[in-house]
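Just below is one structure, and these are the notes that go with it.
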Amino acid sequence: MKQDLRRLTRAAGTRLHHFHGGLRLRHHKQQSCRLPVARPPLPSRLTVPLQQHAGETVAACVQPGQRVLKGDLIGDGECQRGVNVHAPTSGHVEAVSQHLLGHPSGLAGPCVVIRPDGADQWRARQPLDDWQSLAGSELVQAICQAGIVGLGGAVFPTHRKMHHGQAARIHTLILNGAECEPFISCDEMLMREQPRKILAGARVLQHAIGAERTVIAIEDQMGAVREALEAAIAEPGAAAIDLVCVPAIYPEGGERQLIQVLTGQEVPSGGYPSDIGLLCQNVATAAAVADAILEDRPLLERYVTVTGSGVREPRNVLALVGTPIADLIEFCGGYAPDAARLVIGGPMMGYSLDSDAHPVVKATNCVLVLCHDEIASPQPEMPCIRCGECARVCPAQLLPQQLHWQIRNGLWEDAGASGLRDCIECGCCDFVCPSHIPLAQWFRHGKGELRARRRQQLAADHARERYLTREARLARQQAERAERMAQKKRALRDDAARQRKVAAAIGRAARKRSADSEPEPGP
Amino acid sequence: MNRQLATGAAPHIPPSVTVAGTMRQVLYALVPGIFAATWYFGPGVLVQILLASVFALAFEWLMLKLRKRDLRLFLTDGSALVTGVLFALCVPPLAPWWISLVAMLFAVVFAKHLYGGLGHNIFNPAMVGYAVVLISFPQEMTQWLLPRPLAPGAPGLLETLGIILGGAAPAGWDAISGATPLDSLKTGIDSGRIVPEIRLAAVFGDFGGLGWEWIANWYALGGLYLLYRRIISWHVPAAVVGSVVLLSLPAWLLDPGSNPAPLQHVFSGALVLGAFFIATDPVSGCASNRGRLWFGAGVGLITLAIRRWGGYPDGVAFAVLLMNMAAPLIDRYTRPRIYGQ
Ligand code: SF4
Ligand code: SF4
């Protein structure tokens with residue numbers, strides 16, 4: 001069946017399909033696209049977290065007091081589990097210490113604090129100009145060195161995705177430029193301003209995974225992007241890349257939804273796009289790959305949209321990783337008087353922070369400041385009236401009202417069977433619920449719980465297995481011991497018998513001898 | 001310049017719909033039908049609506065109080081009001097006041113709050129109330145006024161109030177009351193007359209009952225408004241009306257003498273009201289669109305069966321209640337296929 005799917009997905013982008021549900025949201029993107037992208041002044045301190053990807057924390061490889069150059073490795077991910085972290089500018093390492101990470105969990109994590117020296121001096125760079133003659137694995141290695149993660153928000157290590165891809169024989173590379181969350185426009189601005197870089201990155205990626213073709217998907221409302229990309233594609237020497245405009249329906253930019261729109265096929269539940277011959281990368285990731293390979297610039301800055309009615313001058317900025325969010329907001333004119341909520345990401349899936357002291361990380365695509373009247377809920381939560389709206393809009397084709405009920409009642413098995421793991425946490429159900437039930441929040445909580453239970457289950461299984469093996473081993477040892485004892489006993493018995501025999505023989509001989517030499521005492 | 005801000009869970013833009021808003025839309029959508037009903041059957045319609053609404057809200061208040069729920073939140077959600085109004089539109093315009101009282105007692109206290117309140121009721125409260133009084137007080141529940149064109153001496157407002165509240169029998173009752181069209185059809189067919197002959201009676205209109213068909217039209221208009229506002233989906237109304245037409249068509253084609261025409265079925269009794277406003281009640285209906293098609297088809301089928309073979313001239317209320325029972329089962333078998341599975 002997978003083979004069939006692989007064949008069917010070859011036509012990606014030639015005809016558009018639908019995905020279930022979704023929402024047409026007001027996109028609010030113009031406000032941050034009016035001003036060109038700008039680079040805020042160098043902050044006085046950069047706090048660079050050592051874990052900025054989905055995976056394990058990496059170890060710092062610099063000491064406090066040490067001078068670093070721009071692009072120097074400061075956190076070594078060893079490419080296996082973690083992702084490399086580089087110095088965003090030149091300066092001195094002030095400390096390697098624990099800081100609160102701008103993360104909904106509210107946890108602290110190790111960070112390298114750098115005091116920039118203002119020189120912004122690069123380390124020696126060696127671009128791979130001959131990348132076309134390199135093997136895919138070498139390019140993946142270089143991408144890994146540059147610390148690149150998926151910049152669409154999921155921050156999955158790009159080299160790991162490509163490893164998967166190489167093993168799975170990808171035929172089509174899909175570049176995702178369908179930035180469907182309202183307010184966010186960083187990819188849009190990137191595509192407008194750097195179309196050539198994205199195409200170059202696409203070529204590198206396509207070559208590295210051995211795909212046959214590349215499709216770039218953008219939303220049909222991005223007129224300027226379309227012109228820019230078309231012009232770049234039409235340039236002589238540019239590779240043949242298909243540009244596809246997809247209708248702007250949230251959450252179209254979700255990998256699975258985009259694939260469904262482009263191919264009409266679904267990524268198998270629990271599987272990856274590579275299972276059906278596709279690799280999906282964000283356009284910003286492609287640009288980062290181009291930087292890494294063609295200029296040897298590791299990932300140390302990114303486009304960030306700073307927007308919302310709570311910011312005075314919404315715009316996109318090119319921010320160094322580690323810049324405090326407060327600096328970005330100040331650069332954009334500061335807060336409006338009634339700013340009420342700071343959101344990282346979009347309004348549908350982003351998370352809110354209690355403080356703007358947190359640093360920009362590789363995942364930070366948008367800093368959204370909302371005003372009071374935008375977030376105030378008009379009514380408190382009511383019981384579910386089973387209107388079915390949530391199911392109508394759910395792109396994963398789940399029954400959110402039922403899932404919610406199962407989670408609330410602790411029916412974890414049932415919730416798992418009802419597809420809780422397939423929920424993409426898009427928040428569509430939440431948005432249309434007339435009873436204002438925080439469905440998405442319940443599902444995030446539920447998925448976490450399922451994962452924890454899974455881990456526990458695995459641990460319990462392991463423990464049981466260990467226990468059973470130990471029992472078996474003990475039993476075996478005991479049996480062996482018993483066997484040995486028995487053998488010994490047998491041997492002893494045999495020994496004893498032999499000794500008795502010997503003794504008897506000796507006795508007999510002695511008696512015989514004595515009988516021979518000594519006369520029997522007379523009566 | 002660090003700033004502390006309050007946090008909250010995604011999505012950060014709040015939903016624009018509310019339960020109260022939904023219920024309000026339903027009430028708006030009923031307005032044309034209410035006007036039409038008042039035009040044909042007099043001010044009694046409005047008095048019944050008022051009575052049922054007051055009783056419904058009073059019982060709602062009482063139960064919320066007893067169950068220690070947020071009074072303001074739930075009293076203003078409009079669900080009790082919708083129950084009252086829908087019920088009132090099903091009772092004879094001159095029914096005595098205590099009919100509403102008993103019906104709302106069963107609707108709000110038993111069918112709704114004893115099952116857990118808003119969102120937890122298995123049965124449609126308005127229809128529970130209606131079924132209880134229909135079974136208990138068949139006499140009061142089947143005395144319908146004749147529509148205005150046939151009853152020139154219909155009571156005015158004061159007289160109506162006197163009849164409903166005081167129980168005074170109206171003057172010349174026989175001249176202004178009579179069987180509903182569905183009633184005449186049933187007794188006519190049962191006594192062996194043929195449909196075209198029965199339909200010669202004055203209570204019949206062009207395709208349904210005189211007056212009734214126009215009220216049904218205005219209900220349908222309100223229903224279309226709800227569809228347009230996406231308060232309801234098309235599946236239930238389409239399935240109810242569609243199944244009634246499809247199922248009654250062959251019988252009528254084969255034997256038009258003893259079977260009413262499909263349009264007669266659609267435009268009599270509470271069918272249109274039921275299709276757009278009653279069977280679409282989300283709480284007691286099916287959740288998925290496929291399930292709603294089955295649900296609606298079931299309502300249509302059972303309504304026809306009761307009209308044909310049952311002991312009551314109309315069967316919409318019983319059909320809805322029976323399908324309410326089947327809804328969880330239908331939901332089970334009409335689960336959508338999860339993405340990627
Ligand atoms: S949208 Fe809300 S009220 Fe409607 S069925 Fe879903 S959870 Fe229930
Ligand atoms: S958050 Fe989950 S359940 Fe809700 S609409 Fe999105 S995928 Fe469906």
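Residue numbering restarts at 1 for every chain, and letters A, B, ... go by the order of the sequence lines.
The OG atom of S435(A) sits 6.5 Å away from the CG atom of L118(B) when rounded to the nearest 0.5 Å.
Contacts of D422(A) with chain B are made by side-chain atoms alone, with heavy-atom separations under 4.5 Å and no backbone atom involved. Only the backbone of Y351(A) comes within less than 4.5 Å of a heavy atom in chain B; its side chain stays farther off. Looking at M349(A), the atoms closer than 4.5 Å to chain B (heavy atoms on both sides) all sit in the backbone: N, CA, C or O. Using a 4.5 Å cut-off between heavy atoms, V432(A) contacts chain B through its backbone alone, with no side-chain atom that close. Using a 4.5 Å cut-off between heavy atoms, E425(A) makes no contact with chain B at all. Looking at P324(A), there are no atoms closer than 4.5 Å to chain B (heavy atoms on both sides), in backbone or side chain.
A distance-only check finds no donor-acceptor pair linking the side chain of Q441(A) to the backbone of A9(B) [under 3.5 Å]. The backbone N or O of P434(A) sits nowhere less than 3.5 Å from a side-chain atom of T18(B) that would complete a donor-acceptor pair. Distance alone, capped at 3.5 Å, places no donor-acceptor pair between the H12(B) side chain and the L370(A) backbone. Here the side chain of Y339(B) pairs a donor or acceptor atom with the backbone of R256(A) at under 3.5 angstrom. Although no hydrogens or angles enter the test, the distance criterion places a donor-acceptor pair under 3.5 Å between the side chain of R386(A) and the main chain of G285(B).
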**Message:** Using side-chain contact (heavy atoms from CB on, under 4.5 Å), reason through L398(A) and I338(B) one step at a time and then give a plain yes or no.
**Reply:** CA-CA 6 Å; L398(A) 304 173; I338(B) 297 170; 3.6 Å; yes

**Prompt:** When you look at H20(A) and R337(B), which way does the side-chain contact (heavy atoms from CB on, under 4.5 Å) test go after all the steps?
**Reply:** CA-CA 11 Å; H20(A) 182 262; R337(B) 184 188 54 80; over 6 Å; no

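Between chain B and the residues G388(A), G427(A), P383(A), the largest count of heavy-atom pairs under 4.5 Å involves P383(A). Top candidate by heavy-atom pairs under 4.5 Å with chain B, chosen from R341(A), E389(A), M348(A), is R341(A).
Between R230(B) and R392(A), some side-chain heavy-atom pair lies under the 4.5 Å cut-off.
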